[in-house]
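Before I ask anything, here is the structure I am working with.
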Amino acid sequence: MCSFEEKVLNGIKKCGISNLSGLKIGAGVSGGADSISLLISLSNILSPLGLTLYVITVNHNIRAKDESSGDANFVLNLCKNLSDKGFLIKAKCYEIEEGQVSSLAKERSGGIEDAARELRYEAFESFIKENNLDYLCLAHNQNDQLETLLMRFFNGATLEALAGIKSLRGKYLRPLLDISRGEIEVYLKEKEQDYRTDKTNFDELYLRNKIRLKLMPFLDQNMGGWRKALLGANGRYQEDADFILDAVKDFPLERCDEGIKVPLDDFLNLAPAIQNRVLIKAANMAGEDSRIPQAFLVDCLKALKSTGKINFSKHYNKVQVVCNKNNLLVKKYDKSQTDFKFFVIIEESGIYELPFGQLNVSKNDDSNAVLSSNEEYVASICRGELISSFKLKLPVIVRSVSLDDEIKSADGKMKKVSDILNDWKLSDLDRSLLPVFQVLESSEQSIIALAGSFLGYKDWIVKL
């Protein structure tokens, strides 16, 4: 066993696995240098012990067919060649349907990389169950760890995230985390083993690639010792994160038929750092398995702490946070749910929590009114951050859309609100969240605004 393979074995032992005998070990192999080094080294470690290496490669079908299929075929052919030489290997390719990654990215309003990762891990989970694996090894190395730490720092990550990639999480084992990319390339050169190169690794539209191609070379040239310092810091971050997570572990969350019940009074007495993690834990218990944006957590906490609080419902991805009177519920989000009905009369300044977000109504001293010459107030809509604002005169009704609603257009004619929403191609849920502003003190009680900006459309404001 060469020194590289000894380091791989030590990476396994570092996770508390001192004896490989009887274990079923797998490896996720993409065809790149990192995963090929993992495949070759594990083959040399496991086969002499009489242990089979179970290999999975995933074809995401998001690049040109010759590239995407080429990677998968390269891995399968290499596994066959190794098997022919006497190594104990069983390999399988999982195909993700063409268009499935982009469809998921669009559904989640996220990036292609995140969607591809989710579907890849779904394939991993199936492979683990299918082969009854004890561990599936992944090829994240020391350079990946550094890139991840920098990327998470720039994204404003929590302490847990700043602790970096874990060597062992569940059944996922990463034995290369203490091995640099340089060591990997030297090992493959010694083995005279080629590998595939993903062209998207050089696309600087991706933050990770910018960090790898520009920031890290700059730090290497100008900030000697930064790698050791950063790798040392992530251990301390983990210690602090463990302290916070211990407090979260003791907070009582109750499962009920609807979802996860959060004791609201106890929750409001927690420190903000604990509140964030409790919401994340409740969301995970409710079925949300992706990273929850900090902006969503802030939005929920602001809603809970605001004065003049009204019942609200906010959702992200698979999870929904609902406040009803003094109860807080975190549950699985039902996309078909369209029963958001709200109606509130605004007669004075204040902060109002409604299903579409937070409505701030404040006194206006600007005589340049949009709606009329004697407007006195500004209505501002927020969802974690200011989205739009416009002037109006109180009192007004803020409510959900009704079927027979009409609003005046620029040519002075009346237009059905339902036709506007059809033009906007709004889903049933978004229609139910759209706020209508209606004059109260007039015989017509006409609609003066449709606040479509929080859905990505221009507010429809009637000039009076």
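Computation of the quantities below employed the complete heavy-atom set of this structure, encompassing side-chain atoms and omitting hydrogens, waters and symmetry-equivalent molecules.
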- Query: Listed by chain and number, what are the salt bridge (Lys or Arg N to Asp or Glu O under 4.0 Å) partners of Asp250, not counting sequence neighbours?
  - Reply: none
- Would you please name every residue forming a salt bridge (Lys or Arg N to Asp or Glu O under 4.0 Å) with Glu185, sequence neighbours left out? Arg181
- Sequence neighbours left out, what passes ring pair (Phe, Tyr, Trp, His ring centres under 6.0 Å) with Tyr187? Give chain and number order. Phe4
- Return each pair, listed once, that meets salt bridge (charged side-chain N to carboxylate O under 4.0 Å, His left out) where at least one residue sits in residues 228-247; pairs must be two or more places apart or across chains.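 Counting only pairs at least two positions apart or across chains, the salt bridge (charged side-chain N to carboxylate O under 4.0 Å, His left out) contacts touching residues 228-247 are Asp246-Lys249.
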- Note on the structure: Those residues at least two apart in sequence (or on a different chain) that pass ring pair (Phe, Tyr, Trp, His ring centres under 6.0 Å) with Tyr94 are none
- Message: Does Lys7 have more than 12 heavy atoms from other residues, nucleotides or ligands lying within 6.0 Å of its NZ?
- Response: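 Yes, NZ of Lys7 has more than 12 neighbouring heavy atoms, counting only those of other groups under 6.0 Å.
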- Using a 4.5 Å cut-off on heavy atoms from C-beta on, say whether the side chain of Leu253 contacts that of Val330.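 Not touching, per the 4.5 Å side-chain cut-off.
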- Message: Restricting to salt bridge (Lys or Arg N to Asp or Glu O under 4.0 Å), what partner residues turn up for Asp220, sequence neighbours left out?
- Response: Arg227
- With Arg117 as the cation and Tyr121 as the aromatic partner, state whether NZ or CZ is under 6.0 Å from the six-membered ring centre and within 45° of the axis. yes
- How would you list all residue pairs meeting salt bridge (charged side-chain N to carboxylate O under 4.0 Å, His left out) that involve residues 79-92, not counting sequence neighbours? Lys80-Asp84, Lys92-Glu130
- Selection residues 13-28 - residue pairs positive for side-chain hydrogen bond (donor to acceptor under 3.5 Å, both in side chains), sequence neighbours left out: Lys14-Asp178
Less than 3.5 Å apart, which donor and acceptor atoms pair up between the side chains of residues 188-197 and the rest of the protein, not counting sequence neighbours?
residue : atom : partner : partner atom : Å
Arg196  : NE   : Asp71   : OD1          : 2.6
Arg196  : NH2  : Glu67   : O            : 3.4
Arg196  : NH2  : Asp71   : OD1          : 3.3

- Message: Under a 3.5 Å threshold, yes or no: a donor from one side chain and an acceptor from the other, between Glu97 and Asn61?
- Response: no
- Message: My understanding is that only residues two or more places apart in sequence, or in another chain, count here; which of them pass ring pair (Phe, Tyr, Trp, His ring centres under 6.0 Å) with Phe251?
- Response: none
- Message: Any heavy-atom pair between the side chains of Leu20 and Leu9 that's under 4.5 Å?
- Response: yes
- Which pairs, with at least one residue in residues 137-150 and sequence neighbours excluded, count as a side-chain hydrogen bond (donor to acceptor under 3.5 Å, both in side chains)?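 Applying side-chain hydrogen bond (donor to acceptor under 3.5 Å, both in side chains) to every pair that reaches into residues 137-150, excluding sequence neighbours, yields Asp34-Asn141, His140-Arg174, Asn141-Asp144, Glu147-Arg208, Glu147-Arg212, Thr148-Arg208.
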- Item | Which residues share a salt bridge (Lys or Arg N to Asp or Glu O under 4.0 Å) with Lys171, sequence neighbours left out |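 Expected list: none.
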- Task: Could you grab the distance from atom CG of Leu119 to atom CG of Asp114, nearest 0.5 Å is fine?
- Result: 11.0 Å
